[in-house]
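Some notes on the structure that comes next.
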Amino acid sequence: MLDTTITEEIANDAGARANVLRLAAAQALTGANSAVIFATGSIVGATLAPTISLATVPLSMYVLGLAAGTLPTGAISRAYGRSSAFIIGTFCGVLTGALAAIAVLYASFWLFCGATFLGGLYGAVAQSYRFAAADGASTAFRPKAVSWVMAGGVFAGVLGPQLVQWTMDIWPPYLFAFSFVVQAFVALVAMAVLWGVDAPKPAPSDMHGGRPLFEIARQPRFIAAALCGVIAYPMMNLVMTSAPLAMKMCGLTVSDSNFGIQWHIVAMYGPSFFTGTLIARFGAPTIVALGLLLEAAAAGIGLAGITAMHFWTTLIVLGVGWNFAFIGASALVLETHRPQERNKVQAFNDFLVFGMMALGSFSSGQLLAHYGWSMVNMVVFPPVLLGLAVLSLASFAKRRAKLQAAGEIPGPGI
């Protein structure tokens, strides 16, 4: 019986590895979508917006799209399979590039905001790639599958900003217009890659059953995982979206900001080649805590100066911190649900993360415009401390539950 189980796990992991390759490639191509938007969004916004305080609204619309797309992605995946959600997402990516190019050509701020919202919907679907990689995989392989798919973002970190650098001046005087045309083409390539992912429609037995969502969400482990994701991603987004415009306000060039965003994205995804191994060795809570501490360190560097090197170092350390915190939190989420519960739980987790991120993102432009780059960095510290505290409490609760189960300490009412 044991040999049969081991053989099945090996077979499942072989299929999961094949999916991981395609999903990692799609992550690289889809990541170029967000890289282009984040490298250009606040600059185009400052050019087209009626007032400078609205400059980051296009980036906020992207984040709003992320939040709005998470629950529909889960519902579509649950009803029709993940492949259907993937194709719909990449179609939104094609529309993003086409409409953004038209918006730049016709100087339409609100059309540009609509385009970035569609880019957020595309990004919401892409967030499910990491969970799709874990479908059917063994418990031991799941953290590595998640991590390896995220590693595809390394190539997005190179492809996206370089795509902007190579194409931003092709249609003078329409800065970045051709960049968005190329971004639409890249989304088409991603659609072709995702077409071959083996993600069948869920079995009828998986469409129903499982615990109520509220019961799952009450688990200390889920609360810690969701809260740390809610802190790690929005805090990273707050600093990252403000950085290009802050660099421009400090007299630095577009090339400087492109370079910073490029290496930020590489730092976001580069550690993914070994983050899964670190999680397997030290445990997800330890890696999440390390990630949150690195995000706080990045904010400290941002407060130390406004040279190009300060901005670049801030963005790089911020990226590594996000990688550890977010992938670790994702691995924690995988520990909280059963197979038939995965789509609703994963979608709910992402809804919490990106919903909070959307709320924070709309304030980033106001924060930067009225209080400056220093305040953007100072905002990071309180949430990080909260996340570390809740993570510690959840880990303590799990250790206590294990000791109670082993009879080493008395349980409740004894």
Side-chain angles (χ1 to χ4, degrees), residues 29-70 72-73 87-126 160-161 163-191 237 240-242 244-245 248 254 257-258 261 354-355 357-366 368-369:
L29 296 167
T30 303
N33 167 71
S34 59
V36 170
I37 290 174
F38 281 115
T40 65
S42 61
I43 298 172
V44 174
T47 303
L48 301 181
T51 173
I52 190 66
S53 64
L54 298 178
T56 61
V57 168
L59 298 180
S60 299
M61 292 299 293
Y62 173 86
V63 178
L64 185 62
L66 275 174
T70 51
T73 296
I87 299 306
I88 292 171
T90 50
F91 181 70
C92 288
V94 175
L95 288 179
T96 298
L99 293 179
I102 293 171
V104 172
L105 291 174
Y106 289 93
S108 174
F109 177 69
W110 297 113
L111 180 60
F112 185 67
C113 290
T116 58
F117 177 82
L118 287 171
L121 295 180
Y122 182 23
V125 174
L163 185 153
V164 173
Q165 192 69 32
W166 295 332
T167 60
M168 63 182 184
D169 294 318
I170 287 182
W171 277 354
Y174 305 106
L175 188 67
F176 303 127
F178 197 75
S179 302
F180 291 111
V181 173
V182 177
Q183 182 265 316
F185 175 76
V186 171
L188 279 175
V189 177
M191 184 184 292
N237 181 72
M240 178 181 67
T241 56
S242 299
L245 185 55
K248 184 179 180 182
V254 173
S257 64
N258 284 345
I261 291 296
F354 298 116
M357 197 162 124
L359 291 175
S361 184
F362 278 100
S363 65
S364 64
Q366 300 287 338
L368 180 63

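What you see below is based on every heavy atom in this structure, not just the backbone, and it leaves out hydrogens, waters and symmetry mates.
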Nearest non-hydrogen partners of F112 and G41, listed with the distance: CE2-O, 4.0 Å

4.5 Å side-chain heavy-atom contact, F109 and V57: yes

V63 side chain reached by N237 side chain, heavy atoms, under 4.5 Å: yes

Steps toward side-chain contact (heavy atoms from CB on, under 4.5 Å) verdict (I88, V125): CA-CA 8 Å; I88 292 171; V125 174; 5.9 Å; no

Heavy-atom pair with the smallest gap, counting every atom of V94 and A184: O-CB, 3.5 Å

Residue pair T90, L188: steps toward the side-chain contact (heavy atoms from CB on, under 4.5 Å) verdict: CA-CA 7 Å; T90 50; L188 279 175; over 6 Å; no

L54 to P58 - nearest heavy-atom pair and separation: O-CD, 3.8 Å

Check: S257 side chain, P244 main-chain N or O, donor-acceptor pair, under 3.5 Å: no

Rounded distance [0.5 Å steps], CG in L64 versus CG in L121: 9.0 Å

Minimum-distance pair of heavy atoms, taken over all atoms of A39 and V164: CB-CG2, 4.4 Å

Non-hydrogen side-chain atoms of F180 and T40 separated by less than 4.5 Å: yes

Reported CH2-to-CG distance for the pair W166 and N258, which is rounded to 0.5 angstrom: 12.0 Å

Intermediate values then yes/no, side-chain contact (heavy atoms from CB on, under 4.5 Å), I43 and L245: CA-CA 6 Å; I43 298 172; L245 185 55; 5.8 Å; no

Check: L111 and Y106 side chains under 4.5 Å, non-hydrogen atoms: no

Side-chain heavy-atom pair T116, T96 within 4.5 angstrom cut-off: no

Minimum heavy-atom distance T167-L163, with the two atoms named: OG1-O, 2.5 Å

Exercise: identify the closest heavy-atom pair between G123 and L66: C-CD2, 3.3 Å

Heavy atoms of other groups near Y174 OH, more than 12 under 6.0 Å: no

Check against side-chain contact (heavy atoms from CB on, under 4.5 Å), Q183 and N33: CA-CA 6 Å; Q183 182 265 316; N33 167 71; 3.0 Å; yes

Atom pair CD1 (I102) and CG (L105), whose distance is rounded to the nearest 0.5 Å: 7.5 Å

